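Quick note: residue numbers are just sequence positions, from 1. Everything numeric here is computed off the predicted structure, so don't read it as measured data. Atoms within a ligand are numbered from 1 in the order they appear, just like the ligands themselves.
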Amino acid sequence: MSAPKSAGAVGADVLGDLAAASRILAAQGVVDGFGHVSMRHPSAPDRYLMARSIAPALVTPGEIIEYDLDSNPCNANGRGSFLERFIHGEIYKARRDVMSVVHSHSPSVVPFGLVGVPMRAMFHNAAFIAAGVPVFDIRDRFGATDMLVSDGAKGVALAESMGSRDIVLMRAHGSVACGPTLQTAVFRAVYTEVNARIQHWTMALGGGAPMAALDEKEGRLADAVNQGAGRRAWDLWRAQVRNQVNW
Ligand SMILES: [Zn+2]
């Protein structure tokens, strides 16, 4: 099969921010040797951008590949692709409002996909969680698998499970966080992991007592503030990457 046509070159600043996002997620303990972040192509809604198959802390702007929404690479030039890129392509297809997707296996989040305890928004930085956190169980539709979202059909099922939310947990695997910008998706992925830790502490401290988590309305109000104020966190994290590289 021939590669789909590229939608055109992307600015160095965009590629730099996307590569930096990978390194930020690694530095914040959201991804390790695995996990990935993508963004929709800034001028072509039917294309997205993501690094080649590489550990997130090692990504450079030159490693970014363009994909169509079926997750076929446009310009791989022999470079390998992530097995689970279909998570990204199928969410972009299903959700025109999503501009960036983070997939991770961050450890504090995984337990919430294993037991019937819903994740709730413990503090304002994780406000978007107050809208609800669905859990995708791959075995419901696909039986026993290797747990990976490694083709379009599994990506479609995951996107359906996420629905209109910006987060979905994956049973015995990890989670996905999305946003209307790269910066917001990164912010949400970082604070999803922090929120999970806080919920573990809160439940241990409370010993089964009710938790005064953000309700849905508080979540909407605080999430709106995070779209602007969250930029401060991005600016810090981006500067920390810039201290290590020349892009
Ligand atoms: Zn995964």
Side-chain angles (χ1 to χ4, degrees), residues 18-19 21-40 48-59 63-65 67 69-73 76 79-95 98 100-115 119 129 133-163 165-179 182 185-197:
L18 181 54
S22 275
R23 292 175 179 241
I24 288 166
L25 291 164
Q28 296 297 317
V30 177
V31 298
D32 46 23
F34 306 99
H36 20 84
V37 53
S38 70
M39 63 181 290
R40 205 186 283 271
Y48 71 94
L49 307 166
M50 188 162 72
R52 74 175 174 90
S53 179
I54 182 175
L58 302 179
V59 174
E63 246 114 18
I64 309 287
I65 297 176
Y67 292 90
L69 297 193
D70 289 328
S71 297
N72 300 306
R79 296 173 293 177
S81 294
F82 287 117
L83 292 174
E84 295 196 285
R85 62 191 180 280
F86 303 92
I87 293 170
H88 303 256
E90 298 305 327
I91 288 175
Y92 290 125
K93 231 187 259 178
R95 288 279 303 278
V98 168
S100 180
V101 175
V102 176
H103 168 56
S104 76
H105 312 141
S106 73
S108 311
V109 177
V110 172
F112 292 94
L114 299 175
V115 296
M119 187 184 286
I129 285 173
V133 182
V135 177
F136 171 67
D137 187 347
I138 197 166
R139 106 188 124 180
D140 287 347
R141 209 177 296 183
F142 301 96
T145 66
D146 58 12
M147 309 305 287
L148 301 180
V149 178
S150 51
D151 60 36
K154 289 170 183 156
V156 168
L158 175 72
E160 281 175 5
S161 177
M162 187 174 84
R165 313 285 165 74
D166 291 317
I167 182 170
V168 59
L169 307 192
M170 303 156 79
R171 183 194 129 250
H173 180 166
S175 59
V176 174
C178 305
L182 174 68
V186 168
F187 183 91
R188 286 174 170 174
V190 168
Y191 284 105
T192 295
E193 167 63 19
V194 175
N195 189 81
R197 261 178 260 155

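Side-chain atoms of Ser38 and Tyr92 form a donor-acceptor pair, as typed in the model, at a separation below 3.5 Å.
The two residues Val190 and Val30 make their nearest non-hydrogen contact at CA-CG2, 3.7 Å.
Side-chain atoms of Leu18 and Val59, non-hydrogen and from C-beta on, never get closer than 4.5 Å to each other. At least one side-chain heavy atom of Met119 sits less than 4.5 Å from a side-chain heavy atom of Thr192.
Here Ser161 pairs with Pro134, Phe136, Val168 under the side chain to side chain contact (heavy atoms under 4.5 Å, CB included) rule; sequence neighbours left out.
Of all protein atoms, those that are N, O or S and lie under 2.8 Å from the Zn ion (ligand 1) total 4.
The only member of His36, Arg85, His173 that meets side-chain hydrogen bond (donor to acceptor under 3.5 Å, both in side chains) when paired with His103 is His173.
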